[in-house]
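Encoded as C-alpha cells, the structure appears first; notes follow it.
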Amino acid sequence: MAFIDEMKIYAEAGRGGDGVVRWRQEKFVPKGGPSGGDAGRGGDFYVLAVRDIHILSKYKAKKSFSAGRGEDGSNKSLHGKNGEDFFLELPVGSIITNTDTDESWQLTKEGEKFLILKGGYGGFGNEHFKSSVNTTPKEARPGAEGEKGNFKIELELFADIGLIGLPNAGKSSLLNALTNAEAKVGDYAFTTLDPNLGDFYGYIIADIPGIIEGASEGKGLGVKFLRHIKRTKMLAHLVSFENKNMLKAYKEVRKELAQYGQELDEKEEIIILTKSDVIDDKKIILKKVAEFKKICKKVFVLSLFDDKMVKKFNDELAKILKKG
Ligand SMILES: Nc1nc2c(ncn2[C@@H]2O[C@H](COP(=O)(O)OP(=O)(O)OP(=O)(O)O)[C@@H](O)[C@H]2O)c(=O)[nH]1
Ligand SMILES: [Mg+2]
C-alpha cells in the first residue's frame with residue numbers, strides 16, 4: 001500500500017562570498033587603512049516536509065537545486081549578506097538519501113526539516129588581516145564552496161486512515177466519494193483485490209479489501225491486507241445496514257483484527273454505518289447508532305445517495321484527521 005515514488009536530484013548549498021581588498025578613502029587622507037569587509041556565508045540547503053503527495057511531480061523538469069551564494073564583502077568594512085537558505089519541499093514520508101555518502105533522513109511529520117548540505121563560509125576581507133605589524137594587508141580570502149551532493153528521494157506513504165469491513169460494505173464507493181480515486185465498485189464480495197489509495201486534503205485514505213471470518217488465518221484475501229493495516233494510523237470500520245445483524249458483522253471483523261495480533265485492534269477506530277438508504281424507518285437507524293455508541297464514541301450514519309450526508313461526513317472526517 002505504501003506507494004513509492006522515486007526521484008534523483010542534484011543539490012548544492014550556497015558558495016560563500018569572497019572577501020575583498022579595499023582601502024579607506026577619506027578627505028585629506030591619501031591612503032587610509034584597510035576597509036575590505038568579510039563576505040556572507042553561502043545559504044544552507046534544507047528539506048522540508050509538506051502535506052502534498054503530488055509535489056514531486058513539480059520537480060520532474062528541474063532536478064538540480066541550489067541555495068543562494070553569499071554576497072562578497074565590500075568597502076567601508078561592510079559585510080556581505082548571507083546567501084539565502086533553500087528549502088526543498090517534499091511530501092511527508094519522503095526518505096532522502098545522499099547517494100555519495102549514504103547519509104539518510106526521513107520526513108515523518110508536516111513542517112519537519114533537515115539540514116542536508118551546509119553553505120560555504122564567507123571569505124575574510126583585508127580589514128580582517130590588519131595588525132600592528134601589517135597595517136596595509138593586501139590579503140583577502142575567497143569564499144568556500146558549499147557542500148554538494150546527489151540525492152535519491154523515495155516517497156513512502158503510510159495511510160492516515162484505512163477503510164475496513166466485510167466485503168460489500170461500501171468501502172471503495174466511499175473512497176471514490178471522498179477522493180478522486182477511481183476504485184472499482186461492485187455488488188459482489190471481493191471487488192477490491194489490492195488496496196486503493198486516495199488523497200483527502202493531503203491525508204491518505206486506504207481502501208482495504210474486504211475482511212472475512214478466518215482472514216487472520218489466510219481465508220479470503222487473508223492476512224496480506226491485515227499486514228497493511230498495521231501501518232495505518234486510524235481505522236474507519238464500515239458496517240452496512242444490509243446486514244441482518246450489524247453488530248455481529250462488526251464483531252466478526254474485530255475478531256480477525258484481534259487474532260492477527262500486532263495491536264491492530266488497539267488502533268483508534270471510527271464506525272460508519274453505511275447504506276442507510278436501505279432502511280425506511282428512522283427509528284431503526286437511531287437504535288443502531290445507540291447500540292454502536294456503546295462500543296465507540298465516533299459513530300456515523302451514511303448513505304452515498306445523500307449528498308448532504310456525504311458533505312457532512314467529509315467535513316467531520318477532515319476534522320478528525322487534523323486532530324489525529
Ligand atoms: N444503497 C446503497 N448502496 C451502496 C452505497 N454505497 C455503496 N453501495 C453499493 O454497494 C456495493 C458494494 O460497494 P463497494 O464500494 O464495492 O464495496 P466494498 O466494501 O469496497 O466491497 P469489497 O471491495 O468487495 O470489499 C456496490 O454495488 C455499491 O454501489 C450506499 O450508500 N447505498
Ligand atoms: Mg472494494
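We use all heavy atoms of the structure for the numbers below, so side chains are in, but hydrogens, waters and symmetry mates are not. Starting from 1, each residue takes its place in the sequence as its number. Both ligands and their constituent atoms are indexed starting at 1 by order of listing.
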Contact check: N196 to the Mg ion (ligand 2), N/O/S below 2.8 Å:
no
According to the interplanar angle, ranging from 0 to 90°, do the rings of Y59 and F65 count as parallel (below 30°), tilted (30 to 60°) or perpendicular (above 60°)?
perpendicular
Can you check whether T99's main-chain N or O pairs, donor with acceptor, with N150's side chain at less than 3.5 Å?
no
Using a strict 4.0 Å cut-off to heavy atoms of G186, name the atoms of ligand 1 that fall inside it.
11 (C), 12 (C), 13 (O), 16 (O), 26 (C), 27 (O)
Backbone or side-chain N or O of T191 under 3.5 Å from ligand 1 N or O:
yes
salt_bridge(K294, E291) N-O dist < 4.0 Å
no
Is there at least one pair of N or O atoms, one from A169 and one from ligand 1, spaced under 3.5 Å apart?
yes
What residue and atom, counting heavy atoms only, is the protein's closest point to atom 27 (O) of ligand 1, and at what distance?
D187 CB, 3.3 Å
Let's go through K298 and E269 carefully: what are the C-alpha distance in whole Å and the side-chain angles of both, what is the deciding distance for salt bridge (charged side-chain N to carboxylate O under 4.0 Å, His left out) to 0.1 Å, and is it a yes or a no?
CA-CA 8 Å; K298 291 186 183 124; E269 185 190 62; over 6 Å; no
What protein heavy atom sits nearest atom 21 (O) of ligand 1, and how far away is it?
N168 N, 2.9 Å
Do Y46 and F114 have ring centroids that are under 6.0 Å from one another?
no
Take E127 and S77 through the test side chain to side chain donor-acceptor pair (under 3.5 Å) and record every step on the way to the result.
CA-CA 7 Å; E127 186 178 11; S77 312; 2.6 Å; yes
Among all protein non-hydrogen atoms, which one is nearest to atom 3 (N) of ligand 1, and what is the separation to 0.1 Å?
K275 CD, 3.6 Å
Where does S276 meet ligand 1, judged by heavy-atom distances below 4.0 Å: at the side chain, the backbone, both, or neither?
neither
Any heavy atom of S303 closer to ligand 1 than 4.0 angstrom?
yes
Mark up the atoms of ligand 1 that fall under 4.0 Å of a heavy atom belonging to Y188, in ascending order.
24 (O)
If you take all heavy atoms of R141 and E139, which pair is closest and at what distance?
NH2-OE2, 2.8 Å
Should the pair E6-K8 be classified as a salt bridge under the 4.0 Å nitrogen-to-oxygen rule?
no
For atom 23 (O) of ligand 1, what is the closest protein heavy atom, and at what distance to 0.1 Å?
T192 OG1, 2.8 Å
Ring-face cation contact, Y201 with R51, 6.0 Å cut, 45° max:
no
Closest to atom 6 (N) of ligand 1 among protein heavy atoms sits L304 CD1, 3.5 Å
closest protein heavy atom to atom 18 (P) of ligand 1 is K171 N, 3.5 Å
Short N or O distance, F190 and ligand 1, threshold 3.5 Å exclusive:
yes
Salt bridge present between R69 and D18 (N-O < 4.0 angstrom)
yes
salt_bridge(K311, D315) N-O dist < 4.0 Å:
yes
Going by the order shown, which atoms of ligand 1 are within less than 4.0 Å of some heavy atom of D277?
1 (N), 2 (C), 30 (C), 31 (O), 32 (N)
Taking atom 17 (O) of ligand 1 as the reference point, the nearest protein heavy atom with its distance
G170 N, 3.2 Å
Would you kindly specify which portion of L174 sits under 4.0 Å from ligand 1, judged on non-hydrogen atoms: side chain, backbone, both or neither?
neither
Only heavy atoms of A189, strictly under 4.0 Å: list the atoms of ligand 1 that pass.
24 (O)
Any ion pair linking D207 and K171 (charged N to carboxylate O, less than 4.0 Å)?
no
For F305, the ligand 1 atoms with a heavy-atom partner under 4.0 Å come out as 1 (N), 2 (C), 3 (N), 32 (N)
Tell me, which protein residue and heavy-atom name are nearest atom 13 (O) of ligand 1, and how many Å apart are they?
S173 OG, 3.4 Å
Note: K81-D72 ion pair, threshold 4.0 Å (strictly below):
no
Ignoring angles and geometry beyond distance, decide whether G210 reaches within less than 3.5 Å of ligand 1 through its nitrogen or oxygen atoms.
yes
